[in-house]
Amino acid sequence: MSDWAPDIARLQALNNDEWLRVESTFCGRLLAYAARRVPDAQAREDIVQETFLGALRGIDNFDAVYSFEQYLFGICRNRTIDFLRRRRVVGQGQEADSRDAPLAVDQLLFEGTTPSGIVQTADAADRGRELLVGVLRQWVQETWQQGEFVRLQVIEALFSGGWRNRDTWQRFGLRDETAVAGVKFRALKRLRHLAEASDASGEILAALAAVSEEEKSHFDFDVAVTWRLGRVSCPARYWLTRHLAGDLKGAPEEFVKFHLEEMKCPWCAANLDDLERAEEDSLTPFLESLRQSTVQYLRSRSISGEGS
Ligand SMILES: [Zn+2]
């Protein structure tokens, strides 16, 4: 399956066909995302159903700095956190729940920032984060195009993984710690250059400065969180398909494995689980029930006009 992306204008116009294609395209990977966190199959389906309804309700405020898949994963993540929190409250005093649930919630919170996540875009911190996502992504893309996959992994390990120079040079077989510092220095220089074009308020430069001084960011967003939440270095689904089929070789394959196994990217793991799922798996009944709730929602919107 290719990386199909929906036409946002058609989604905003509440076009039936476009929404149903969204469901059939993204249902599997959202279920796979939830499956790594929520053991109960029925609860997972509820989460995914709420995710699509949330996507419908919020589509007018869709922010083009994110991909549509990121938008969906962001909502799915929030619904999952809501579910785990509810279960934690309900499950207090019960052995199994109070043992499992808090861990899962904390882990999820670490994956992103606040539960509001990427769906809200209004305030200044979000604007800053969006700009930073854009700059980091630009850097990743040009580094990928140059075939500099070791550089890409080193920077992801440092910026997103929080690795220290000492561990990083050994992992990538570099000469010594100084070589890592050099890679980082040049990357930051390039990032500052890219940022200058778009960063009127200087926020990105401040966040980058915090990275170069290895201090904890005092800002509402920092580079590590932004890297993960913005899926700055996530390979397109196409690369995951090739990785799975075993026909991705050399440096790109090294990168994909590193991203999945060492950076433990939750979004790419969900995509991979979805790709691994047998083609004929029984998503059909669930898709049918999704279709019904979506069509019902679209119908109610078209009757009530703009009111909601
Ligand atoms: Zn990823």
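Throughout, numbering of the chain's residues begins at 1 and tracks the sequence. Only a predicted model underlies this, so the values are computations on that prediction, with no experimental measurement involved. Counting starts at 1 for both ligands and their atoms, following the listed order.
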Point to revise | Polar side chain donor-acceptor pair, Arg29 to Tyr33, under 3.5 angstrom | key: no

Exercise for review: Could you pull out all residues at least two apart from Phe255 that satisfy ring pair (Phe, Tyr, Trp, His ring centres under 6.0 Å)?
Suggested key: Trp144, His259

Point to revise | Which residues share a ring pair (Phe, Tyr, Trp, His ring centres under 6.0 Å) with Phe62, sequence neighbours left out | key: Tyr71

**Study point:** Residue-atom pairs from the protein, N, O or S only, that lie under 2.8 Å from the Zn ion (ligand 1)
**Key:** Cys234 SG, His259 NE2, Cys265 SG, Cys268 SG

Exercise for review: Measure from the side-chain N and O atoms of Arg44 to the backbone N and O of Pro39, and report whether any donor-acceptor pair falls under 3.5 Å.
Suggested key: yes

Check your understanding: Does Phe26 have its ring centroid less than 6.0 Å away from the ring centroid of Phe52?
Key -> no

Review point. Can you name the residues that form a side-chain hydrogen bond (donor to acceptor under 3.5 Å, both in side chains) with Arg57, not counting sequence neighbours?
Key: none

